[in-house]
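A quick write-up on the structure given underneath.
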Amino acid sequence: MQTIGYAAQSATTPLAPWGFERRELRGDDLALEILYCGVCHSDLHAARNDWGWTRYPIVPGHEIVGRVTAIGPDVTRHAVGDHVAVGCLVDSCGTCDHCEHDLEQYCTGGATGTYGGVDKPTGEPTQGGYSKHLVVRETFALRIPAGLDVARAAPLLCAGITTYSPLRTWKVGPGTRVGVVGLGGLGHMAVKFAAAMGAEVTVFSRTPGKEADAAELGAGRVIISSDKAAMKAARNSFDLIIDTVPVKHDLNPYMPLLGLDGTLVLVGQIGPVDEPHTGPLVMGRRRISGSAIGGIAETQEMLDFCAENDVLPDVEMIRMDEISDAWERMERSDVRYRFVIDMSSLAV
Ligand code: NAP
Ligand code: ZN
């Protein structure tokens, strides 16, 4: 199927319209008309080749909401006309230990990314949701629960699940003391989820002026990370800190904030960080961990949680041709709190 998207042709060229082919439907495939696509900081990292694996052209976008327009003969879970959602994964081996335990994001055979991956049967590169159409295996398409606003749901597919999953892994509940570093797309979802789970939430931000927003999102307080006195006063008082900072940074200021057995979970930067001091780890049994998105079953659980608890991202809707400006604003932390592309603005 011929479609159109916005692609980067190199690490230095801005996104621009690009016509390309989506594969013909295989037995268990759905074809979607994409209605909305969220704008994740990872899209920008990938287009600029920050991680070193990008092949061009690349169409970013892995927070996708669409309508099913056709189904393969073996499809049983979805029907034409359904609203479905697709996140960061479109395939995995299905047989490794992690896949068998619903942890496809950690597939040891290599999960297939929605963009920048390789379609296993054909070896073709996968292309993401800054486009008009998508073809995807039905098991990697999520059901959008009744009552969930489809125009706001897209960011849940990456920003949502990436923050929901560690909150579940570390069993956050009433009274858990949670810190969130960086109030952007991921950070604002971390605050909403942790608050909905009953946690006491603190935001660590480098940007003064986000206090009112943080309170509205469910945080009890904001600490400006450059405020040394406030950082010192907050020592030993967190069970879990989720760090969403997208660039190389220093973890050392955050380690002493954890209590005994507390964990700092990195979900932002992938790559080197400033040299961590082992003192706070040894002298308090503190831990540093990481976490990647979530499995398909957990993503469905997260969407259902959002419908039940009325949790939705705060979005700013943009047209496809406003993407360069949106990326620039995202880099300046000038996003409240996720851009979503209205794909009807992209003419075929
Ligand atoms: P975002 O909307 O740009 O938010 C990042 C926030 O971090 C900013 O709003 C800002 O918050 C803070 N920040 C930005 N630059 C900073 C700097 N130089 N120093 C300190 N703080 C800074 O980005 P996002 O979409 O939430 O993504 C965040 C990161 O998560 C990206 O690196 C992305 O690739 C990664 N990611 C990982 C996964 C995963 O599976 N682990 C999934 C999705 C995304 P304040 O203004 O409040 O300080
Ligand atoms: Zn993402």
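Since we're looking at a predicted model, the values are computed, not measured. When a ligand or atom number is given, it counts from 1 through the structure's own listing order. What's counted below: heavy atoms across the whole structure, side chains too, no hydrogens, waters or symmetry copies.
With salt bridges taken as basic N to acidic carboxylate O contacts below 4.0 Å, one links R48 and E331. With salt bridges taken as basic N to acidic carboxylate O contacts below 4.0 Å, none links D342 and R319. Salt-bridge annotation for R143 and D82: absent, with no side-chain N of the basic residue lying under 4.0 Å from a carboxylate O of the acidic one. With salt bridges taken as basic N to acidic carboxylate O contacts below 4.0 Å, one links D119 and R26.
T114 and H62 are not linked by any side-chain donor-acceptor pair at a separation below 3.5 angstrom, with hydrogens and angles left out of the test. In this structure, a donor-acceptor pair under 3.5 Å is present between the side chains of Y115 and D43. A side-chain N or O of S165 and one of E298 form a donor-acceptor pair less than 3.5 Å apart.
Considering just the N/O/S atoms of H62, the one nearest the Zn ion (ligand 2) carries the name NE2.
Counting only distance, with no hydrogens or angles, the side chain of R286 and the backbone of L258 share a donor-acceptor pair below 3.5 Å.
Residue V247 approaches ligand 1 through these ligand atoms, each under 4.0 Å from one of its heavy atoms: 17 (C), 18 (N). Near C158, with a cut-off below 4.0 Å to any heavy atom, the atoms of ligand 1 are 42 (C), 43 (C). Near G182, meaning under 4.0 Å from any of its heavy atoms, are these atoms of ligand 1: 7 (O), 11 (O), 12 (C), 47 (O). Every atom of ligand 1 is numbered from 1 in the order shown, and the set under 4.0 Å from a heavy atom of T244 is 28 (C), 29 (C). Each of the following atoms of ligand 1 lies closer than 4.0 Å to a heavy atom of V267: 30 (O), 35 (C), 36 (N), 37 (C), 38 (C), 39 (C), 41 (N). Remark: ligand 1 atoms within the under-4.0 Å shell around heavy atoms of M330 are 3 (O). The distance from ligand 1 to the heavy atoms of T207 drops below 4.0 Å at these ligand atoms: 45 (P), 46 (O), 48 (O). Shown in contact with K210 at under 4.0 Å from a heavy atom are these atoms of ligand 1, numbered in order with element: 9 (O), 11 (O), 45 (P), 46 (O), 47 (O).
For atom 11 (O) of ligand 1, the nearest non-hydrogen atom of the protein is L183 N, 3.2 Å. Of all protein heavy atoms, the one closest to atom 34 (O) of ligand 1 is S42 OG, 2.7 Å. The nearest heavy-atom contact from the protein to atom 25 (O) of ligand 1 is R338 NH1, 2.6 Å. In terms of protein heavy atoms, atom 17 (C) of ligand 1 is closest to R206 NH1, 3.3 Å. Nearest protein heavy-atom neighbour of atom 42 (C) of ligand 1: T162 OG1, 3.2 Å. In this structure, the protein non-hydrogen atom closest to atom 7 (O) of ligand 1 is P246 CD, 3.4 Å. The nearest heavy-atom contact from the protein to atom 26 (O) of ligand 1 is L186 N, 2.8 Å. The protein non-hydrogen atom at the shortest distance from atom 10 (C) of ligand 1 is S333 OG, 3.4 Å.
Under 4.0 Å from ligand 1, not a single heavy atom of S225 appears. By the criterion of a heavy-atom distance under 4.0 Å, neither the backbone nor the side chain of F339 is placed next to ligand 1.
Here the rule is salt bridge (Lys or Arg N to Asp or Glu O under 4.0 Å) with E316, and of R329, R152, R338 only R329 fits it. I242 pairs in a side chain to side chain contact (heavy atoms under 4.5 Å, CB included) with only one of the listed residues (V181, L264, L167), which is L167. With T202 as reference, I223 is the one residue of I223, L257, V178 to meet the side chain to side chain contact (heavy atoms under 4.5 Å, CB included) rule.
Distances from ligand 1 to the non-hydrogen atoms of H249 include no value under 4.0 Å.
Note: no N/O pair closer than 3.5 Å links V245 and ligand 1 by distance alone.
Atom CH2 of W18 is separated from atom CD of Q9 by 7.0 Å, given to the nearest 0.5 angstrom.
Two different hydrophobic clusters hold I58 and I34 under the rule that ILVMFWY side chains link at heavy-atom gaps under 4.5 Å. Under the 4.5 Å side-chain heavy-atom criterion for Ile, Leu, Val, Met, Phe, Trp and Tyr, L217 and Y164 are members of the same hydrophobic cluster.
Angle SG (C40) to the Zn ion (ligand 2) to SG (C158): 130°, rounded to 10°.
Comparing heavy-atom distances from atom 32 (O) of ligand 1 across H45, H41, Q269, K248 singles out H45 as nearest.
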